[in-house]
Amino acid sequence: MPTQPSTPRLRAGKPIKYQQVADALREQITAGILPPASPLPSESQIIDQYGVSRPTARAAIAALRAEGLI
């Protein structure tokens, strides 16, 4: 079974969770862990990995979309 890349845990002191998730995904994209044309983790995977709600996961994805990163 392939292993998932390690993802950073959400940091205390940075108040908006969706920004933290977006930052973590952005880091994975820029580091090549999530290369161009590869699928992003699903909302369910983001929820499980980062311990956030579905609206938070959606907001993180929307933020990356607004930046033109995805």
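Small disclaimer: the values here were computed from a predicted structure and weren't measured.
Within the model, atoms CD of Q19 and OG1 of T56 stand 11.5 Å from one another, a figure rounded to the nearest 0.5 Å. Between the OG atom of S38 and the CD1 atom of I70 there is a distance of 11.0 Å, given to the nearest 0.5 Å.
Take R65 and apply the side-chain hydrogen bond (donor to acceptor under 3.5 Å, both in side chains) test, not counting sequence neighbours, and it matches no residue.
The two residues L34 and P41 make their nearest non-hydrogen contact at CD1-CD, 4.1 Å. Across every non-hydrogen atom of A63 and A22, the tightest pair is CB-CB, 4.3 Å. The minimum heavy-atom distance linking L25 with Y50 is given by the pair CD2-OH, 4.4 Å.
Of the options L64, I46, I61, I47, a side-chain contact (heavy atoms from CB on, under 4.5 Å) to V21 is made by I46 and by none of the others.
Residues in residues 30-41 take part in no salt bridge (charged side-chain N to carboxylate O under 4.0 Å, His left out) pair, two or more places apart or across chains.
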Could you go step by step and tell me if R54 and S44 meet the side chain to side chain contact (heavy atoms under 4.5 Å, CB included) rule? CA-CA 8 Å; R54 187 166 304 277; S44 295; 3.7 Å; yes

